[in-house]
Amino acid sequence: MGGYSRLAIIAGVVTLASLFTLMSTRTLVRWDEHDEFNFRKDADFEAKIPANSDGSGDQASIVARGKLIEKETEAGLKYLLYLPVERDRKSPMIVFLHGRGESGGFEITKKQSLPLQLDTNSTLKQEFPFITIMPQCPRRCAHANEWLETTLRETTRLTNEIAAKYDGDFHRISLLGQSMGGNGAWEYAAMQKNMFSAVVPICGYTRTFLYDRDQLASHLYNTSVWAFHADNDVVIPVDATDGIIHVLKQDKTRDKDTKYTRYKYAPGPPMPEFERLVGHGSYEYAFRDPDLFKWLQAQRCNKCTGPGSQSWNNTIRTGGERHGHSDW
């Protein structure tokens with residue numbers, strides 16, 4: 001397969017023209033340049049689904065592997081679940097938090113970003129090793145402009161349940177979020193102790209009218225961070241990520257990795273009705289970077305051993321640490 005055809009498969013809805021305009025502090029690389037993500041032709045995908053992919057022989061579970069499926073908890077939390085095609089002992093996990101505009105339904109969620117890739121990109125799905133959970137924040141989250149605590153707590157319960165059922169690795173659960181979900185990722189990782197090995201906020205922000213950045217950073221002491229943002233983001237200014245990254249990198253007591261990719265340019269979201277939101281689609285670049293997923297696999301939280309090790313601390317939201325000013 002030629003280079004242009006291979007790139008077209010990976011890019012999905014992003015055109016070659018928009019990819020070539022990317023100006024980044026890092027080089028955009030192709031998926032197939034890495035051994036861990038050495039993808040084959042789309043036609044090979046269906047043949048790779050194991051006959052007993054979840055170990056039970058249940059036909060419904062077999063269909064679930066390699067597909068993004070909609071589910072709902074008894075408490076009413078709707079979510080998307082992706083199980084890797086290849087069943088691996090102690091699979092790494094991803095929890096993905098969507099943005100404000102996706103609250104209340106999956107229609108927009110599945111048209112962009114990581115959900116789009118896992119729903120439509122067969123080449124990616126062949127080798128994607130992560131058990132992935134994508135909770136749906138109800139419509140009232142959009143009105144509140146935040147991931148609600150009740151939703152996050154149910155997400156914790158769900159993640160623990162999925163990890164136990166499908167042999168997920170409690171030491172390697174990564175938290176990813178974009179836009180409002182980027183803010184949710186910063187705060188969820190800070191409030192839910194001993195759960196996440198890494199947090200990846202993309203075009204996100206912190207709310208310094210509730211807490212100081214250094215106080216938020218202190219709650220992320222044992223959590224690796226890789227943040228993404230674009231200089232030309234017209235929705236959330238890049239300064240919103242610059243500030244917290246500066247604090248994290250100045251903290252000499254941190255013993256975890258802190259990375260920041262600051263794109264010079266990113267497009268808007270890939271739907272025509274949102275094209276005007278130039279720069280806010282930095283997640284379309286981030287989730288096409290195989291180095292991100294390779295890095296996530298390598299992050300480990302030794303204190304994260306499951307429900308018994310976890311604790312909840314929401315003081316940054318309740319005003320127990322209320323200081324500072326608005327982030328943007």
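Values reported hereafter were calculated over all heavy atoms of this structure, with side chains retained and with hydrogens, waters and symmetry mates removed.
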Could you walk me through whether E149 and R153 pass the salt bridge (Lys or Arg N to Asp or Glu O under 4.0 Å) test, one step at a time?
CA-CA 6 Å; E149 181 175 334; R153 283 179 173 270; 3.0 Å; yes
Inter-residue atom distance [X].[atom1] - [Y].[atom2], 0.5 Å rounding:
| X | Y | atom1 | atom2 | answer |
| --- | --- | --- | --- | --- |
| D214 | H219 | CG | NE2 | 10.0 Å |
| C203 | F228 | SG | CZ | 11.0 Å |
| D233 | D239 | CG | CG | 11.0 Å |
| Q250 | I245 | CD | CD1 | 12.0 Å |
| N160 | M93 | CG | CE | 8.0 Å |
| I131 | D167 | CD1 | CG | 7.5 Å |

So which heavy atom on [X] is nearest to which on [Y], and how close?
| X | Y | answer |
| --- | --- | --- |
| P129 | S91 | O-CB, 3.9 Å |
| A190 | L216 | CB-CD1, 3.5 Å |
| W147 | G181 | NE1-CA, 3.6 Å |
| N194 | Q310 | O-CG, 3.5 Å |
| C301 | F196 | CB-O, 4.2 Å |
| L97 | A185 | CD1-N, 3.7 Å |

Closer than 3.5 angstrom, by distance alone: can the side chain of [X] be matched with the main-chain N or O of [Y] as a donor-acceptor pair?
| X | Y | result |
| --- | --- | --- |
| H171 | C304 | yes |
| D212 | Q215 | no |
| R172 | K90 | yes |
| R207 | R317 | no |
| N183 | Y205 | yes |
| S197 | I173 | yes |
| T315 | N313 | no |
| D257 | K259 | no |
| Q192 | S311 | yes |
| S309 | G306 | yes |

Test T156 against Y188 for side-chain hydrogen bond (donor to acceptor under 3.5 Å, both in side chains), laying out the working first.
CA-CA 10 Å; T156 294; Y188 187 18; 2.6 Å; yes
Are [X] and [Y] connected, step by step, through hydrophobic side chains (Ile, Leu, Val, Met, Phe, Trp, Tyr) whose heavy atoms are closer than 4.5 Å?
| X | Y | value |
| --- | --- | --- |
| V247 | V200 | no |
| L148 | L175 | no |
| W226 | Y221 | no |

Is there a side-chain contact (heavy atoms from CB on, under 4.5 Å) between L152 and E187 once you walk through the steps?
CA-CA 10 Å; L152 294 176; E187 295 181 2; over 6 Å; no
Are any of the side-chain heavy atoms of [X] and [Y] separated by less than 4.5 Å?
| X | Y | result |
| --- | --- | --- |
| L176 | I202 | no |
| Y285 | P267 | yes |
| L292 | T261 | no |

Give the ring-plane orientation class for F128 versus F293, where under 30° counts as parallel, over 60° as perpendicular and anything between as tilted.
perpendicular
Show your working on side-chain contact (heavy atoms from CB on, under 4.5 Å) between F287 and F96 and close with a plain yes or no.
CA-CA 12 Å; F287 290 132; F96 172 86; 3.8 Å; yes
Under the side chain to side chain contact (heavy atoms under 4.5 Å, CB included) test against K249, which residue among T258, V225, I244 passes?
T258
Just checking K165: does its NZ atom have more than 12 heavy atoms from other residues, nucleotides or ligands closer to it than 6.0 angstrom?
no
Side chains of [Y] and [X]: any donor to acceptor distance under 3.5 Å?
| X | Y | result |
| --- | --- | --- |
| N232 | Y263 | no |
| T73 | E154 | yes |
| Y79 | T155 | no |
| H98 | Q136 | yes |

Before giving the answer on side-chain contact (heavy atoms from CB on, under 4.5 Å), spell out for T223 and Q299 the whole-Å C-alpha distance, their side-chain angles and the decisive distance to 0.1 Å.
CA-CA 9 Å; T223 308; Q299 305 313 303; over 6 Å; no
Could you go through the side-chain contact (heavy atoms from CB on, under 4.5 Å) check for R157 and L77 one step at a time?
CA-CA 11 Å; R157 191 205 62 75; L77 175 65; over 6 Å; no
